[in-house]
There are 2 protein chains.
Amino acid sequence: MTKKQLIIGAILHGAGGNMASWKHPSGPADASVNVKHYLNLVEKAEGAKLDFIFVADGLAINKDVLPHFLNRFEPLTILSALASVTSHIGLVGTLSTSYTQPFTVARQFGSLDLISGGRAGWNVVTSPSTGAAHNHSQDTFPDHALRYEIAEEHVEVVKGLWDSYEDDAFLYDRENDTYFDPNKMHAINHHGKHFQVEGPLNIQRSPQGQTVVFQAGSSDAGRELAAKTADAVFTGHKDVESAQAFYQDVKSRAEAYGRNPDEIVILPGIGPIIGETEEEVEEKYAALRNGVSIDTALNYLGRYFDHFDFSVYPLDEPFPDIGDIGAEAFKSTTDLIKADAKKHGKTLRQVALEATTPRSPFSGTPEHVANEIEKWYHADAFDGVIFGSPLLNDGLHLFIEKVLPILQERGLAQTEYTGTTLRENLGLPFKQNRHTQKVSEASV
Amino acid sequence: MTKKQLIIGAILHGAGGNMASWKHPSGPADASVNVKHYLNLVEKAEGAKLDFIFVADGLAINKDVLPHFLNRFEPLTILSALASVTSHIGLVGTLSTSYTQPFTVARQFGSLDLISGGRAGWNVVTSPSTGAAHNHSQDTFPDHALRYEIAEEHVEVVKGLWDSYEDDAFLYDRENDTYFDPNKMHAINHHGKHFQVEGPLNIQRSPQGQTVVFQAGSSDAGRELAAKTADAVFTGHKDVESAQAFYQDVKSRAEAYGRNPDEIVILPGIGPIIGETEEEVEEKYAALRNGVSIDTALNYLGRYFDHFDFSVYPLDEPFPDIGDIGAEAFKSTTDLIKADAKKHGKTLRQVALEATTPRSPFSGTPEHVANEIEKWYHADAFDGVIFGSPLLNDGLHLFIEKVLPILQERGLAQTEYTGTTLRENLGLPFKQNRHTQKVSEASV
């Protein structure tokens with residue numbers, strides 16, 4: 001089969017994706033709020049012809065969370081700041097559907113998309129956290145099913161708003177005093193269960209038509225939402241088999257909704273440790289893992305279970321049976337953790353340390369990282385990867401300098417940009433305006 | 001008396017502040033969505049050492065609104081894009097308190113503030129428009145008093161969130177494994193009438209302490225809100241006497257709240273037409289005014305009265321008595337329009353044309369503009385001006401090239417930046433963190 005080129009994105013971690021990342025000497029300790037650090041990274045990533053950068057987010061903190069969460073730029077503002085100093089790389093950011101107005105989300109991403117010449121991506125999340133609820137005048141967060149119901153309607157409204165203007169609506173005809181054609185302006189007039197939005201949006205579409213929609217939940221409801229609405233899926237897998245199954249499942253679901261399965265790309269996050277030798281990789285891993293105390297690890301684990309307190313359980317006995325706790329929060333992750341602990345008879349200590357500093361099957365020498373990526377890619381386990389190193393700058397620099405040339409030499413990764421929009425970078429077609437499509441169908 | 005230097009800001013109008021602005025050949029017709037246009041203007045403004053740029057906003061459109069409203073960048077995203085290509089100029093944007101979460105507003109402005117090195121400003125508005133309500137799942141907008149009650153609590157929460165971290169909270173001490181001092185992190189735990197927000201915010205303060213708060217309503221409730229909470233007031237006046245009265249009133253109200261009146265600056269918007277001769281000014285004014293049809297003018301007037309339909313009234317009879325319509329929307333503006341029409345016996349046609357293309361007392365030759373600014377300034381009618389030309393680029397270019405040198409020669413306007421933050425540009429002190437203040441008081 002012919003497949004489009006491997007997609008490669010990079011997470012801009014700020015202080016890093018591991019509790020101890022910020023201590024690594026490869027970058028500034030204040031990375032998450034260091035503008036120069038972000039400017040350097042995005043310049044490096046664009047120079048390497050990566051397809052996009054990805055800025056994650058969170059809506060609640062306490063003193064025990066990841067350093068990266070404590071103090072960081074808000075995604076839309078930092079991505080907009082990076083938009084004006086870049087020209088080709090995609091700019092993807094996380095924003096929750098649980099505490100935002102679709103009109104605001106449509107405007108802010110629409111604006112980023114236009115400012116960047118069609119390079120914006122919205123990673124849709126539903127923010128399962130009591131802390132997030134308490135920061136937004138809510139007692140608690142909506143349960144899993146309701147959260148996804150809200151998310152689906154939210155995304156539907158945002159997409160509707162993005163089509164407020166057909167692409168030839170603005171005429172700018174000074175001579176004939178015609179700024180625009182009002183017949184090409186469309187109000188959405190949405191009256192739904194959770195949102196009522198009249199429209200139209202006060203911004204035109206970008207050169208890619210609509211902002212690319214990423215979806216990050218891997219539960220059943222998350223997969224359904226992705227299959228119905230997403231252009232790209234941000235996921236994560238421990239082995240190639242589960243990645244293949246996920247890939248097949250989401251593409252099949254998309255097909256069942258009448259979509260072309262090639263028009264939804266599956267992009268797992270990978271966080272390998274890269275070293276010149278296997279020994280160096282082990283040293284880096286040990287240094288990272290030993291940089292995290294067991295108390296910190298227990299707290300980290302608890303975050304997936306809506307800040308459940310694991311510290312009251314014995315460390316070296318089997319992972320405790322805590323029933324359904326966590327099922328309404330990060331469901332797919334907690335299901336995985338519980339199943340894995342049961343299957344391998346892991347202790348609480350093991351589970352906490354592994355959750356905090358997981359081993360990646362991609363970790364190894366540059367040759368190993370490239371081989372593994374090639375293997376998964378050809379096994380239809382993904383359409384590409386989102387690279388996020390647990391070691392601050394170390395990982396991204398090594399990936400770009402050592403791994404990427406191998407992938408490029410094998411013809412897997414691009415050596416030049418072939419387009420200027422994020423959709424082009426992802427091999428996705430321009431998004432037609434729903435109103436324009438109707439007109440052209442009617443005129444056939 | 002000694003006064004600090006005249007403050008000068010510039011509105012980035014996009015398509016321009018008049019219905020016919022976009023037709024003026026001095027700029028691109030698609031100015032409001034043209035990134036290069038914004039980049040050029042901000043470069044020009046920073047080169048001229050202006051104190052800040054100002055991006056206005058609106059939350060609802062229909063086919064009859066100002067071209068500038070139909071299609072434009074969202075303030076936070078365009079300001080962030082401009083932040084990374086500038087170094088001294090302040091970046092002020094409008095955001096409503098009626099349809100936003102304080103946590104989101106605090107984060108987004110906090111992030112812009114940090115990205116820009118302390119140059120962000122938030123212009124607080126309350127969005128009195130049924131269309132805005134209909135875009136945000138509301139039947140109607142809150143009445144005038146309630147809107148300001150919500151606004152006051154909203155701003156209070158945002159400011160509380162901005163003080164989540166004391167300025168020395170982050171230690172970044174790799175050797176001792178200490179990222180930050182949790183004792184210098186403060187949750188707001190706000191339980192108010194309209195908002196419940198726990199905090200803390202997940203971003204540190206900027207070099208100016210807190211984002212500068214602008215307030216734009218001039219009604220009694222607007223003045224009260226400004227006196228209590230604002231660092232700067234965006235207003236507008238037709239003559240020096242009313243400007244003086246407003247200035248005195250707001251400064252007195254601030255003093256009554258225990259504030260130093262020098263720490264709230266009054267900045268009217270001015271939109272003069274500038275020409276080499278009085279004749280040229282008249283020609284430019286006539287061209288602008290004749291570029292707007294009476295239907296368009298009636299619609300423009302109606303916007304201030306929550307989209308009231310004036311087209312059913314006779315054009316050349318006295319301005320109709322429409323009772324209290326508009327009193328819940330742009331109250332100070334509609335009060336002024338009604339009083340002025342009654343006082344001078346104006347017809348509906350006159351009122352509509354004047355509202356759409358008002359005459360500015362500042363219009364004239366560069367010398368006249370400078371004289372008028374100096375006169376108002378020395379008469380304590382303002383601390384500075386926010387310049388917004390109705391003629392696209394023409395006005396800002398002429399202001400910078402012809403008027404500013406006169407003001408600089410007279411020692412009124414700065415020729416170099418004296419600081420790097422917006423507070424410094426406005427002559428306002430660094431904003432102390434409320435928690436740090438308490439500690440230092442206790443330790444005295």
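Residue numbers start from 1 in every chain, and the chains themselves are labelled A, B, ... in the order their sequence lines are given, proteins ahead of strands. What you see is a predicted model; the values in this text were computed from it and never measured. Computed from heavy atoms alone, side chains included, the values below leave out hydrogens, waters and symmetry copies.
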S.K.: Quick check on Asn189(B) against chain A: is it the side chain, the backbone, both or neither that has a heavy atom closer than 4.5 Å?
M.R.: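 Neither; nothing under 4.5 Å.
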
S.K.: Given that the side chain runs from C-beta out, which part of Phe73(B) has a heavy atom under 4.5 Å from chain A: side chain, backbone, both or neither?
M.R.: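 Both parts, backbone and side chain.
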
S.K.: Kindly state each residue pair satisfying side-chain hydrogen bond (donor to acceptor under 3.5 Å, both in side chains) with at least one member in residues 131-140 of chain B, sequence neighbours excluded.
M.R.: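 side-chain hydrogen bond (donor to acceptor under 3.5 Å, both in side chains) check on residues 131-140 of chain B returns Glu198(A)-His134(B).
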
S.K.: Using a 4.5 angstrom heavy-atom cutoff, name the option from Ser293(A), Ala187(A), Ser111(A) with the most pairs to chain B.
M.R.: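 Heavy-atom pairs under 4.5 Å are most numerous for Ser111(A).
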
S.K.: So what's closer than 4.5 Å to chain A heavy atoms on Gln101(B): side chain, backbone, both or neither?
M.R.: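 When you check distances to chain A, only side chain atoms of Gln101(B) fall under 4.5 Å.
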
S.K.: Please confirm whether Trp22(B) and Tyr179(A) have ring centers closer than 6.0 angstrom.
M.R.: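 Ring centroids of Trp22(B) and Tyr179(A) are less than 6.0 Å from each other.
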
S.K.: Measure distances from Leu59(B) to the heavy atoms of chain A and classify the residue's part below 4.5 Å as side chain, backbone, both or neither.
M.R.: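 It is both, since atoms from each part get that close.
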
S.K.: May I ask you to check whether Phe195(A) and His154(A) place their ring centers less than 6.0 Å from one another?
M.R.: yes

S.K.: By number, which residues in residues 31-42 of chain A have some heavy atom less than 4.5 Å away from chain B?
M.R.: Ser32(A), Val33(A), Val35(A)

S.K.: Contact between Leu171(A) and Phe180(A) at the side-chain level, heavy atoms closer than 4.5 Å - yes or no?
M.R.: no

S.K.: Run through Thr421(A), Thr86(A), Asp113(A) and flag the one making a side chain to side chain donor-acceptor pair (under 3.5 Å) with Arg119(A).
M.R.: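 Going through the options one by one, the only one that passes is Thr86(A).
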
S.K.: Less than 4.0 Å between a side-chain N and a carboxylate O, is that true for Asp168(B) and Lys184(B)?
M.R.: yes

S.K.: Which residues pass the salt bridge (Lys or Arg N to Asp or Glu O under 4.0 Å) test with Asp57(B), not counting sequence neighbours?
M.R.: Arg107(A)

S.K.: Counting heavy-atom pairs under 4.5 Å to chain A, which of His190(B), His194(B), Glu175(B), His24(B) comes out on top?
M.R.: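 Of the options given, most contacts go to His24(B).
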
S.K.: Could I get the full list of salt bridge (Lys or Arg N to Asp or Glu O under 4.0 Å) partners for Asp177(A), not counting sequence neighbours?
M.R.: Lys23(B)

S.K.: Side chains of Gln204(A) and Asn71(B): donor-acceptor distance under 3.5 Å anywhere?
M.R.: yes

S.K.: Answer with side chain, backbone, both or neither: which region of Pro28(B) has an atom nearer than 4.5 Å to a non-hydrogen atom of chain A?
M.R.: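 Just the backbone, heavy atoms under 4.5 Å.
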
S.K.: If I measure from the heavy atoms of chain A, does His191(B) come under 4.5 Å with its side chain, its backbone, both, or neither?
M.R.: neither

S.K.: Between Ser127(A) and Ser98(A), is the side-chain hydrogen bond (donor to acceptor under 3.5 Å, both in side chains) condition met? List the steps.
M.R.: CA-CA 7 Å; Ser127(A) 308; Ser98(A) 296; 5.1 Å; no

S.K.: Please flag which part of Thr178(B) lies under 4.5 Å from any non-hydrogen atom of chain A: side chain, backbone, both or neither.
M.R.: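 When you check distances to chain A, only backbone atoms of Thr178(B) fall under 4.5 Å.
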
S.K.: Given heavy-atom pairs under 4.5 angstrom as the criterion, report whether the side chain, backbone, both or neither of Asn62(A) touches chain B.
M.R.: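 For Asn62(A), the backbone is the part near chain B, not the side chain.
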
S.K.: Tell me, for Phe109(B) versus chain A, whether the close heavy atoms (under 4.5 Å) come from the side chain, the backbone, both or neither.
M.R.: neither

S.K.: Does any donor atom in the side chain of Arg303(B) or His307(B) lie under 3.5 Å from an acceptor atom in the other side chain?
M.R.: no

